[in-house]
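The next block holds one structure in the form of structure tokens; read it before the comments.
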Amino acid sequence: MAVSDKVVELAKRRGFFTVSSEIYGGIAGFYDYGAYGTLLKRKLENLWRKYFVGMDENFFEIEASNIMPEKVFEGSGHITNFVDPVAKCKKCGTFHRADQIMEEFLHENFEGKTVEELTQLIKKHNVKCSRCKGELGDVSVLNMMFPLAMGAGKDTVAYLRPETAQGAYVNFLRHFNILRMRLPLGLAIIGKAFRNEISPRQLLLRQREFTQAELQIFFDPREVEEHDNWKEVAKYKLIIYHAKKMEKISCDDANKKMKIPKFYLYYLAKMQKFFLDELNIPEKKFRLRKLTDEEKAFYNKVHFDIEIQLEELGWKEVAGCHYRTDHDLKGHQLVSGQSQEIFYNEKKFIPHVLELSFGVDRILYSLLELNYAEDKDRVYLKLPAKLSPFTLAVFPLVNKDKIPKKAEEIFEELKKHFDAIYDDSGSIGKRYYRQDEISTPVTITCDYQTISENTVTIRDRDSTHQIRVNTKNLKTVLTKFLEGENLERLGKTVK
Ligand code: GAP
């Protein structure tokens with residue numbers, strides 16, 4: 001069975017995520033997260049928040065509306081440029097994304113090809129409708145935004161935002177003035193984005209409603225060749241995929257040889273570190289893909305995608321580092337008629353934007369797949385402890401004598417310091433199985449020895465090894481273990 005199928009089964013069994021509106025047959029491109037999935041997602045978002053918003057005293061999180069008026073997207077260029085190439089089947093009427101249908105046919109990337117090129121390719125390779133084998137018509141474009149008819153008269157045209165970014169751009173000037181009137185200024189938004197994907201697929205990877213975590217860094221373009229903390233990353237090696245080759249190259253060399261600005265490289269390095277050091281993505285399954293001019297998004301001057309290699313789906317984009325220049329602010333200035341210029345360092349100008357953009361659901365799915373593990377008939381998720389829905393579980397060995405009362409006392413105490421869950425249903429084996437599947441790194445069992453000598457057992461999810469420790473040392477032992485100390489060194493091994 002393919003790993004992705006196993007992950008879907010596990011996700012369903014434990015309620016990480018499921019198809020939305022399932023009792024009505026589901027709806028393509030929409031997913032709901034259950035209790036454990038939501039806990040995991042919040043932890044991922046909080047880790048992102050702490051890491052990226054915490055990078056600079058002048059970075060802040062804001063919240064902006066999901067619905068924005070049409071003018072916003074005239075200003076940003078989405079009305080004209082946020083389109084997908086589509087080919088309609090002449091027989092059954094199904095629309096296909098032309099670049100994707102070519103990719104499925106020739107196993108190459110066709111992103112960024114023009115409609116004329118795609119029409120020619122479809123004809124040349126005689127590509128047919130995947131549903132009915134009918135002939136495909138010429139390729140045209142379809143806008144990917146969801147329009148809304150708002151209000152009784154339905155005369156106010158608005159859209160569901162296709163990216164969180166615009167919420168930061170339309171608010172930039174106000175926040176620049178309210179905050180410290182200093183650059184770089186970072187405005188982060190974690191929230192929903194909506195896209196009318198023609199063929200939503202690959203589970204959480206191509207949805208019509210999904211979560212983005214995006215940080216917009218507004219800076220002075222005269223300072224693009226510097227960063228106060230450049231030294232911190234100068235020797236750090238980036239894992240770059242470019243011109244069909246993978247290479248490890250220091251930020252210094254990427255600046256000198258690839259001519260990528262230092263300001264950009266500093267944050268690209270931070271993004272790589274987030275994936276490798278915070279999310280524990282193996283280096284071999286990670287790369288920064290430099291996009292060619294024809295692949296780059298319409299608003300970007302420099303564009304790297306961050307990709308993770310999945311078992312069956314291959315390399316998948318999960319995030320991007322985008323040098324958007326003054327594209328968006330300039331567009332909003334033009335359409336709104338309101339100047340977006342600031343006076344800073346003795347000059348009047350429109351700031352440039354570096355965008356760090358992440359797809360939360362794609363990262364979450366990748367984490368589930370990369371951490372899925374089997375050990376004989378045991379299934380477990382070896383997520384880093386800081387991401388596991390619960391950090392620990394407390395079990396009473398049996399539900400009788402004085403054991404449940406003692407276990408509850410221990411649970412209540414641990415709950416003050418850790419994300420803990422209490423579980424007293426089913427056999428102890430079943431409870432271990434359940435916690436392993438939802439990735440709980442440690443389980444604590446209270447037994448008769450807890451009553452007689454005040455000790456409990458602690459079990460490590462990954463090795464299944466157990467130690468016995470005194471309850472008065474429990475908090476210290478658990479803290480050390482969760483910080484990476486070997487379990488066997490923290491207590492008496494249980495055979
Ligand atoms: N603000 C820039 C922007 O939106 P993007 O590359 O279009 O850039 C950013 O999207 C991230 O959002 C992607 O790297 C991906 O992780 C995620 N994403 C994009 N489309 C998605 C979809 N249909 N379903 C799930 N995630 C998606």
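We use all heavy atoms of the structure for the numbers below, so side chains are in, but hydrogens, waters and symmetry mates are not. Residue numbers run from 1 in the order of the sequence given. In this text, all values refer to a predicted model and were calculated from it rather than measured experimentally. First listed ligand is number 1; within each ligand, the first listed atom is number 1.
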Between R14 and Y36, is NZ or CZ placed under 6.0 angstrom from the six-membered ring centre and within 45° of the ring axis?
no
If we only consider heavy atoms of R324, is any one of them less than 4.0 Å away from an atom in ligand 1?
yes
H322 to ligand 1, any heavy atom closer than 4.0 Å:
yes
Report the part of S357 (side chain from C-beta onward, or backbone N, CA, C, O) that has a heavy atom under 4.0 Å from ligand 1; answer both or neither where that applies.
side chain
Return the set of residues passing side chain to side chain contact (heavy atoms under 4.5 Å, CB included) with E57 (not counting sequence neighbours), or none when no residue passes.
R180
Contact check, D361 vs ligand 1, heavy-atom distance below 4.0 Å
no
With a 4.5 Å limit on heavy-atom distance, are the side chains of K386 and E278 in contact?
yes
Please say whether L205 places an N or O atom under 3.5 Å from an N or O atom belonging to ligand 1.
yes
Proximity to ligand 1 by part of Q212, non-hydrogen separation under 4.0 Å
side chain
Cation over ring face, R324 and Y299, 6.0 Å, 45°
yes
Contact between Y299 and ligand 1, counting heavy atoms under 4.0 Å?
yes
Residues in side chain to side chain contact (heavy atoms under 4.5 Å, CB included) with N171, at least two apart?
I62, A64, H175
Checking heavy atoms under 4.0 Å, the part of L204 that sits near ligand 1 is backbone
